[in-house]
Amino acid sequence: MNENDINQLNFEDALSKLETIVKELEAGRIKLDDAVSAYEEAIALKNFCEKKLQDAKLKIEKIEIHSDNKITTAPLDKDDE
């Protein structure tokens with residue numbers, strides 16, 4: 001699977017593929033050459049998933065209700081998580 005294919009996946013599918021590769025590598029069911037390719041694909045999938053999570057995190061905001069009942073949003077601080 002190349003990078004363009006990975007970029008077409010949604011987060012859940014990419015994570016599922018990553019989990020499958022990890023299980024196969026841990027079980028030792030892959031020949032060495034194939035294991036190296038699988039490892040490289042796993043790294044690409046991991047990076048893709050991390051980017052998707054980071055992008056989602058940046059979109060999350062907290063809702064604030066002020067004393068005058070005005071409602072606003074603000075970036076979610078790490079301390080609020």
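Scope of the values below: all heavy atoms of this structure, side chains included, with no hydrogens, waters or symmetry mates.
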Atom of [X], atom of [Y] and distance for their closest heavy-atom approach:
{"X": "I6", "Y": "E41", "answer": "CD1-O, 4.4 Å"}
{"X": "Q8", "Y": "N4", "answer": "CG-O, 3.2 Å"}
{"X": "A38", "Y": "L25", "answer": "CB-CD2, 4.3 Å"}
{"X": "L18", "Y": "A42", "answer": "CD1-O, 3.4 Å"}
{"X": "K17", "Y": "M1", "answer": "CE-CE, 3.4 Å"}

Drop me the distance from [X]'s [atom1] to [Y]'s [atom2], to the nearest 0.5 angstrom.
{"X": "L45", "Y": "E19", "atom1": "CG", "atom2": "CD", "value": "11.0 Å"}
{"X": "F48", "Y": "D13", "atom1": "CZ", "atom2": "CG", "value": "9.0 Å"}
{"X": "L53", "Y": "L15", "atom1": "CG", "atom2": "CG", "value": "8.5 Å"}
{"X": "I30", "Y": "K23", "atom1": "CD1", "atom2": "NZ", "value": "13.0 Å"}
{"X": "K52", "Y": "N47", "atom1": "NZ", "atom2": "CG", "value": "14.0 Å"}

**Other residues, nucleotides, ligands: >12 heavy atoms within 6.0 Å of F11 CZ** = yes
**Asked** Are side-chain heavy atoms of D33 and K31 found at a separation under 4.5 Å?
**Response**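 They are not in side-chain contact.
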**Message:** With a 4.5 Å cut-off on side-chain heavy atoms, are T72 and I65 touching?
**Reply:** no
**Asked** Taking 4.0 angstrom as the limit, do K46 and E50 come out as a salt bridge?
**Response**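 Looking at E50 together with K46, the answer is yes, because their closest N to O distance falls below 4.0 Å.
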**Asked** Stepwise, does the salt bridge (Lys or Arg N to Asp or Glu O under 4.0 Å) test hold for D55 with K51?
**Response** CA-CA 6 Å; D55 290 348; K51 182 174 181 345; 3.0 Å; yes
**Prompt:** Do the side chain of T20 and the main chain of S16 share a donor and acceptor less than 3.5 angstrom apart?
**Reply:**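 Looks like yes, one N/O pair under 3.5 Å.
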**Short side-chain to backbone donor-acceptor contact, N7 and E3, under 3.5 Å** = yes
